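Here's the structure, in structure tokens; my notes come after.
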Amino acid sequence: MDAGGGRGQEVEVGGRRLLVRNLDKVLWPEDGYTKADLISYYLQVAPVMLPHLRDRPLVLTRYPDGIHGAHFYQKDLPDGTPDWVASVPFLSPSTGRVVRYCLCPDAATLAWLGSQACLEIHPWLSRTSSPSEPDFAVLDIDPAPPAGFAEARRLALALGGLLERLKLSSALKTSGATGLHIYVPLLPGHTYPGVREFVRRVAVLLYRTFPRMVTLERTVRRRAGRVYLDYLQNVRGKTLVAPYGVRPLPGAPVSTPITWQELIRVDPAGFTLSTVPARVRAVGDLFAPALGLGHRLDFALLPIGGLEPGRPASAGLRGRRLASPPATEPADSGPASSRPPFRAAGPGGLQPPGRRIGGHGELEPTASQSAVCGDLQPPPQAGVGPPQAGASPRPGPGGAPPQAAGRRPATQRPAGPD
DNA sequence: TTGACGG
DNA sequence: CCGTCAATGAGTCTC
DNA sequence: GAGACT
Ligand SMILES: [Mn+2]
Ligand SMILES: [Mn+2]
């Protein structure tokens with residue numbers, strides 16, 4: 001019972017033995033990182049990464065010839081996949097084909113993904129047990145050049161303040177490029193359209209508060225210099241790169257969980273395939289809040305006067321409505337044309353965009369935005385915290401976040417995938 | 001990337 | 001052991 | 001159908 005008849009070197013992981021071809025192939029030419037380095041990285045972060053992959057269908061991107069070579073998305077597992085690699089079949093609604101989505105419950109599978117030159121692992125926002133019920137709401141913060149991480153950070157801080165006001169815990173990570181990802185853990189029973197509508201409203205709120213810094217534009221050329229709040233990521237089958245996932249960019253940056261306190265001083269480019277393992281050993285899993293106690297989103301906007309217009313089913317809760325309104329069809333934001341108009345209601349109602357305070361900086365909010373800008377400070381360790389380390393001003397040896405070393409040269413980094 | 005085939 | 005060749009790989013929403 | 005997203 002060897003690991004197949006092909007060529008390659010044996011790698012043993014957790015009792016599994018697999019044959020890996022081209023272990024010394026360089027995948028990140030600028031940095032010299034090889035497939036062996038990738039597999040080594042995966043195995044080192046497996047303890048904190050696996051809990052975030054478990055039970056979720058995975059979308060993979062493969063770069064068999066390195067980050068500058070041709071790449072492709074892979075959903076259906078290829079022929080030749082070892083029989084011990086777990087998968088879950090789903091009927092693709094649009095194509096009518098059965099797709100066997102890869103699952104990754106253990107380190108051996110992670111190593112195998114490395115052997116396939118899977119440089120990106122994108123877990124669904126829902127689990128195999130209820131594929132249409134996301135258990136995260138994701139706030140995808142995408143700065144459009146010349147905006148960069150600094151702008152994304154400002155938005156994230158505002159969002160963090162808002163989430164704190166709404167009593168929603170969250171987990172924060174870098175995207176690996178210049179963006180940021182915030183996950184809000186959800187109780188069972190939410191729908192994708194409902195969650196999407198919630199995040200859309202949050203995005204609109206931020207847009208009205210920071211009309212010069214935020215954009216909701218779908219056309220990339222109209223986004224220039226602003227930060228795109230991509231609420232449309234909350235869709236079945238759409239994904240974000242996994243926490244601790246490496247990116248196919250020079251430097252091999254990693255989508256790295258950070259605390260709200262660290263956000264102010266980190267340089268996301270400092271989190272890489274070579275630095276993150278030590279950090280993980282020092283600070284543990286800073287993304288744990290994403291798997292912690294979940295929330296329900298219906299009425300979550302109530303504290304800031306956001307009633308749920310129309311759609312009694314509210315934020316897409318289905319089933320187990322506690323003392324909820326009468327059952328109706330699941331909320332559905334649908335195409336913009338059929339979407340119920342956003343109704344600003346209640347005290348401190350929302351204002352249309354365009355209002356801005358003359359003579360003030362980019363960050364200056366419009367009046368009446370106390371809901372969001374009342375505080376621009378991060379929530380105090382919202383949610384769980386790891387066994388201390390990165391949260392203190394003087395983080396442990398390995399856990400020190402990369403400082404933004406003074407003013408960085410104008411040549412940031414080529415804006416990569418977020 | 002893999003497996004197949006040939007040297 | 002090696003080199004070479006063929007076949008292969010996603011889906012969703014907006015405008 | 002093109003454009004954007006992962
Ligand atoms: Mn995005
Ligand atoms: Mn992003």
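Because the structure is predicted, anything quoted here is derived from the model rather than measured.
Between A:Leu27 atom CG and B:dT1 atom C1' there is a gap of 12 Å when expressed in whole angstrom units. We find that CD of A:Glu120 is positioned 17 Å from P of B:dT1, with the value rounded to whole Å.
Residue A:Gln74 places no side-chain N or O under 4.0 Å from the OP1 or OP2 atom of B:dT1. Taking only side-chain nitrogens and oxygens, A:Lys25 comes nearer than 4.0 Å to OP1 or OP2 of B:dT1. Under 4.0 angstrom from either OP1 or OP2 of B:dT1 there lies no side-chain N or O belonging to A:Arg7. The phosphate of D:dT6 (OP1 or OP2) has no side-chain N or O of A:Lys75 nearer than 4.0 angstrom.
For an aromatic pair to be called close, the ring centres must be under 6.0 Å apart, and A:Tyr42 with A:Trp112 fails this. Two rings, from A:Tyr244 and A:Phe287, have their centers 6.0 Å or more apart.
For the residue pair A:His52/A:Asp285, the side-chain donor-acceptor check at 3.5 Å is satisfied.
Residue A:Arg218 is the one, among A:Thr239 and A:Arg218, whose nearest nucleotide of DNA chain D lies closer to the 5' end (criterion: closest heavy atom).
Within the 4.5 Å cutoff, the side chain of A:Tyr228 has no heavy atoms near those of the A:Pro143 side chain.
Considering only side-chain atoms of A:Tyr228, the nucleotide from C:dG11, D:dT6, D:dC5 that sits closest is D:dC5.
For C:dT8 and B:dC5, the P atoms lie 16 Å apart once the distance is rounded to whole Å.
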